[in-house]
Enquirer: 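Can you keep this structure in mind? I'll have questions shortly.
Predicted model only: the values in this text are computed from it and were never measured.
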Amino acid sequence: MSDIDESFIPSPPSDFYETEPDEAPPLPVRVRPTLRHEADAQIPLRAVRYSSRKKRWAQTSNCARGVREPLPSVFRLVTWNIDFTAPDKKKRLLTALSYIQQHVLDCRTVSERPEPCCILLQEVHESVFTQILNAEWVRRCFIVVPTGVDKWPDQAKYGNVTLVSRTIPVVNVSTIEFSNSSMERNALLVDIKLSVPAHEDEPHLSGGIVTLRVANTHLESMPRGAEARPRQLQLIAAALRGRGIFGGIVAGDMNAISPTDETIVEAAGLYDAWEGDDNDDEGFTWGYQPRGRLPPGRLDKVLTTGQEGFIVDEPERIGIGEAIGRDKWVSDHYGLVTRVHVVRED
């Protein structure tokens, strides 16, 4: 059976109609979940978007509503671990967002909409999560996952946050909380609808609609986390091949610092978008800001399920040398940016 859904009617940017479901609650709501879930299962979540009319964030309905233009076939993907340990957390986060806005996505003002994109952040400290929701550019242009820090694994003080531009419909959101993690790690999964390009001589807006799953993760850290990382990546890989999913991408901090990490991508059945060698320092994303006791390495990666129908460009590093003061780096990691293309298979 084809994974192309030709009957899907995509939902528009949330301010296209400036209406939200009446029952949508205000945010954030800081209540730790009490439901029990099967270990390593996908736990359903919701995304939030800001209503300029109601002056508040509200959960998205995930319902489809018509638009007057085709869905994108190409989007930018940005991933960046922004370091929860260093001081000046608020200033560093806001500087990172401003850098992505202006220098990666070329939006010179907060009112300028970016091209279709997904921004994957790791190590967002709980004390600055609301700064993301308060950022004017985010309010105008993105939906946010999760709805609050209470949706991170229990007891987590930092976690992953995914921003999806309002020009890309999000139809499902979930999380996998790794049962083998001692560091409260998880993967955020966002399902987005994209169009297959139509032939030039076809009257249709697109050649069909597909669902791509984008995972944002931070695998277990440090050499002592080497035993946990293969299982964590295998869980993500299985989720990326879920029912009704056309293809999948996982990006984030893979903490590839041990010899055993050299084989876990292939063992999980995934493909690395980086075309160089693991020892090529042009791909290194950690170990320079500042120098540490561990050697620099390519900790951050973009991985795909690799089947035909979509292409991921080789990622480029971002955030090199970005600082808020002398030796006060925005992050100890460089970020990565790439483009994802849905293509015709004929």
Side-chain angles (χ1 to χ4, degrees), residues 5 7-31 33 35 42-72 75-78 97 113-121 124 129-152 159-176 186-195 209-216 239 242 244-245 248-249:
D5 177 7
S7 64
F8 176 78
I9 303 175
S11 58
S14 64
D15 55 357
F16 191 87
Y17 296 108
E18 274 297 347
T19 60
E20 285 83 20
D22 292 336
E23 69 276 15
L27 295 170
V29 179
R30 284 191 55 94
V31 179
L35 295 177
Q42 287 180 233
I43 303 170
L45 296 178
R46 299 293 289 273
V48 290
R49 63 190 179 199
Y50 187 77
S51 168
S52 58
R53 182 171 63 86
K54 296 184 178 180
K55 306 297 183 184
R56 65 182 177 96
W57 287 89
Q59 292 182 355
T60 59
S61 64
N62 287 343
C63 63
R65 294 185 293 182
V67 291
R68 302 171 186 172
E69 55 186 356
L71 294 176
F75 70 94
R76 297 284 290 279
L77 186 144
V78 179
L97 287 176
R113 288 189 179 276
E115 62 187 286
C117 62
C118 296
I119 301 173
L120 282 50
L121 303 176
V124 176
F129 181 91
T130 55
Q131 298 301 320
I132 296 175
L133 300 182
N134 290 337
E136 186 65 22
W137 186 57
V138 174
R139 288 186 170 190
R140 287 174 177 264
C141 302
F142 293 91
I143 72 162
V144 179
V145 180
T147 58
V149 299
D150 56 298
K151 303 305 181 184
W152 290 338
N160 308 325
V161 178
T162 296
L163 312 179
V164 182
S165 64
R166 294 184 177 194
T167 47
I168 305 177
V170 173
V171 293
N172 192 52
V173 180
S174 59
T175 181
I176 300 174
N186 74 323
L188 279 180
L189 309 174
V190 175
D191 296 353
I192 59 177
K193 290 288 187 180
L194 302 167
S195 65
I209 305 298
V210 297
T211 302
L212 197 71
R213 179 164 286 169
V214 178
N216 176 4
I245 301 300
I249 300 167

Enquirer: Where do Arg113 and Arg140 come nearest, in terms of heavy atoms and distance?
Expert: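 Nearest heavy atoms, Arg113 then Arg140: NH1-O, 3.4 Å.
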Enquirer: Is there side-chain contact between Leu188 and Leu120, with heavy atoms separated by less than 4.5 Å?
Expert: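 Side-chain contact under 4.5 Å: no.
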Enquirer: Run the side-chain hydrogen bond (donor to acceptor under 3.5 Å, both in side chains) test against Asn186 and tell me which residues pass, sequence neighbours left out.
Expert: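 In terms of side-chain hydrogen bond (donor to acceptor under 3.5 Å, both in side chains), with neighbours along the sequence ignored, Asn186 is linked to Asn160, Thr175.
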Enquirer: Counting C-beta onward and ignoring hydrogens, is there a side-chain heavy-atom pair between Thr147 and Leu45 closer than 4.5 Å?
Expert: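 No, every pair of side-chain atoms sits at 4.5 Å or beyond.
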Enquirer: For Cys117, which residues count as a side-chain contact (heavy atoms from CB on, under 4.5 Å) partner, sequence neighbours excluded?
Expert: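 With neighbours one apart ignored, the set is Arg76, Leu105, Pro114, Phe142, Ser165.
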Enquirer: Leu194 vs Ile168, test: side chain to side chain contact (heavy atoms under 4.5 Å, CB included). Steps then yes/no.
Expert: CA-CA 7 Å; Leu194 302 167; Ile168 305 177; 4.3 Å; yes
Enquirer: Could you walk me through whether Leu212 and Ile249 pass the side chain to side chain contact (heavy atoms under 4.5 Å, CB included) check?
Expert: CA-CA 8 Å; Leu212 197 71; Ile249 300 167; 3.9 Å; yes
Enquirer: Walk me through whether Val173 and Thr162 qualify under side chain to side chain contact (heavy atoms under 4.5 Å, CB included).
Expert: CA-CA 10 Å; Val173 180; Thr162 296; over 6 Å; no
Enquirer: Suppose we screen for side-chain hydrogen bond (donor to acceptor under 3.5 Å, both in side chains). Which residues come up paired with Gln42, at least two apart in sequence or across chains?
Expert: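 Gln42: side-chain hydrogen bond (donor to acceptor under 3.5 Å, both in side chains) contacts with Ser174.
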Enquirer: Can you measure from OG1 (Thr130) to CH2 (Trp57) and round to the nearest 0.5 angstrom?
Expert: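 If we round to the nearest 0.5 Å, Thr130:OG1 and Trp57:CH2 are 11.5 Å apart.
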Enquirer: Rounded to the nearest 0.5 Å, what separates atom CZ in Arg49 from atom CZ in Arg139?
Expert: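 Those atoms lie 15.5 Å apart.
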Enquirer: Is there side-chain contact between Thr60 and Val170, with at least one heavy-atom pair below 4.5 Å?
Expert: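 Not touching, per the 4.5 Å side-chain cut-off.
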Enquirer: Does the side chain of Asp191 come within less than 4.5 Å of Ile245's, by heavy atoms?
Expert: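 Yes - at least one pair of side-chain heavy atoms lies under 4.5 Å apart.
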Enquirer: Going by heavy atoms in the side chains, are Asn172 and Arg213 under 4.5 Å from each other?
Expert: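 Sidechains of Arg213 and Asn172: in contact.
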Enquirer: For Leu189, run the side-chain contact (heavy atoms from CB on, under 4.5 Å) check against Asn216, Val214, Ile176 and tell me which one passes.
Expert: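 That would be Ile176; it is the only one of Asn216, Val214, Ile176 passing the side-chain contact (heavy atoms from CB on, under 4.5 Å) with Leu189.
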Enquirer: Please give me the minimum heavy-atom distance between Pro146 and Trp152, naming the atom from each residue.
Expert: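 Here Pro146 and Trp152 meet closest at CG-NE1, 3.9 Å.
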Enquirer: Between Tyr50 and Asn134, is any pair of side-chain heavy atoms under 4.5 Å apart?
Expert: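 Sidechains of Asn134 and Tyr50: no contact.
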